[in-house]
Amino acid sequence: MTVSFDNAPSDWKLTALKYLFHVQSGEMISADRESPDGYPIIGGNGLRGYTTEFNTKGPRLVIGRVGAKCGCIHIIEEDFWASEHAFVVYPRREYSMRYMRYLLEALDLNSQAIRTAQPLI
């Protein structure tokens with residue numbers, strides 16, 4: 001995808017997203033580690049269950065990486081388990097999570113997905 005910034009205000013500092021954050025895939029969690037309540041398990045399309053453990057401290061942006069809704073963006077406020085079907089966004093510098101969510105949603109990451117039996121980014 002090519003984006004033109006020819007019309008950006010002259011006082012804006014333009015930078016690549018890689019300088020603002022990095023993403024890391026979550027971890028697999030087996031069904032026997034799920035529980036009726038506790039920390040949310042966040043998958044590719046959002047909440048997928050609960051567990052007594054967490055592997056990510058909130059608040060964090062999460063990007064769904066697998067499934068029909070891959071590319072969906074969530075702000076998870078509390079500590080949670082990021083599954084292997086989600087990317088966790090780790091900031092390199094301070095920014096507004098709500099604004100970053102808006103920017104990432106504008107990129108329409110789902111349209112960039114690899115279309116196999118199970119879409120993924």
Side-chain angles (χ1 to χ4, degrees):
M1 171 187 330
T2 304
V3 178
S4 172
F5 295 104
D6 296 335
N7 297 326
S10 61
D11 60 331
W12 281 17
K13 181 181 178 190
L14 303 178
T15 189
L17 291 176
K18 68 181 180 180
Y19 297 115
L20 298 176
F21 61 79
H22 73 278
V23 296
Q24 182 176 326
S25 185
E27 301 172 34
M28 187 174 163
I29 186 165
S30 59
D32 64 333
R33 292 168 60 192
E34 293 187 28
S35 65
D37 55 14
Y39 297 101
I41 300 171
I42 305 299
N45 296 326
L47 180 66
R48 86 165 216 216
Y50 296 92
T51 184
T52 58
E53 315 166 57
F54 67 91
N55 64 0
T56 309
K57 294 201 63 73
R60 289 276 181 247
L61 280 173
V62 176
I63 303 170
R65 71 173 207 85
V66 177
K69 295 182 181 178
C70 66
C72 60
I73 315 293
H74 303 277
I75 296 176
I76 310 300
E77 297 290 343
E78 67 237 272
D79 297 345
F80 62 99
W81 185 277
S83 84
E84 73 279 13
H85 297 135
F87 285 127
V88 180
V89 177
Y90 293 96
R92 295 184 192 274
R93 51 176 39 163
E94 191 173 324
Y95 56 75
S96 163
M97 268 196 249
R98 289 182 62 215
Y99 186 69
M100 188 58 67
R101 177 183 182 181
Y102 169 78
L103 289 176
L104 291 171
E105 286 174 343
L107 290 175
D108 187 16
L109 297 172
N110 184 273
S111 70
Q112 306 299 311
I114 296 170
R115 300 290 170 191
T116 59
Q118 183 73 302
L120 64 106
I121 56 173

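In this structure, the separation between CD1 on Ile42 and CG on Leu47 is 5.0 Å, given to the nearest 0.5 Å.
Taking every heavy atom of both residues into account, Arg60 and Pro91 meet most closely at NH1-CD, 3.7 Å. Closest approach of Cys72 to Gly44, counting heavy atoms only: SG-O, 3.1 Å. Smallest separation of non-hydrogen atoms from Ser83 and Gly43: OG-CA, 3.3 Å.
Proximity of Phe54 to Glu78: side-chain heavy atoms (C-beta onward) are nowhere separated by under 4.5 Å. Side-chain atoms of Ile73 and Leu109, non-hydrogen and from C-beta on, do get closer than 4.5 Å to each other.
The side-chain hydrogen bond (donor to acceptor under 3.5 Å, both in side chains) pairs that include a residue from residues 86-101 are Arg101-Glu105, where partners are two or more places apart or lie in different chains.
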Side chains of residues 14-41: which donor-acceptor partners sit under 3.5 Å, not counting sequence neighbours?
residue : atom : partner : partner atom : Å
Ser25   : OG   : Arg65   : NE           : 3.3
Ser25   : OG   : Glu84   : O            : 3.4
Ser30   : OG   : Asp32   : OD1          : 2.3
Arg33   : NE   : Glu53   : OE2          : 3.0
Arg33   : NH2  : Glu53   : OE1          : 3.1
Arg33   : NH2  : Glu53   : OE2          : 3.4
Ser35   : OG   : Asp37   : O            : 2.4

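By the criterion of side-chain heavy atoms lying less than 4.5 angstrom apart, applied directly or through intervening Ile, Leu, Val, Met, Phe, Trp or Tyr residues, Ile63 is grouped together with Met97 in one hydrophobic cluster. Leu107 and Met100 fall within a single hydrophobic cluster, where Ile, Leu, Val, Met, Phe, Trp and Tyr are joined by side-chain heavy atoms under 4.5 Å apart, directly or via other members.
At most 12 heavy atoms of other shown residues, nucleotides or ligands fall within 6.0 angstrom of atom OH in Tyr50.
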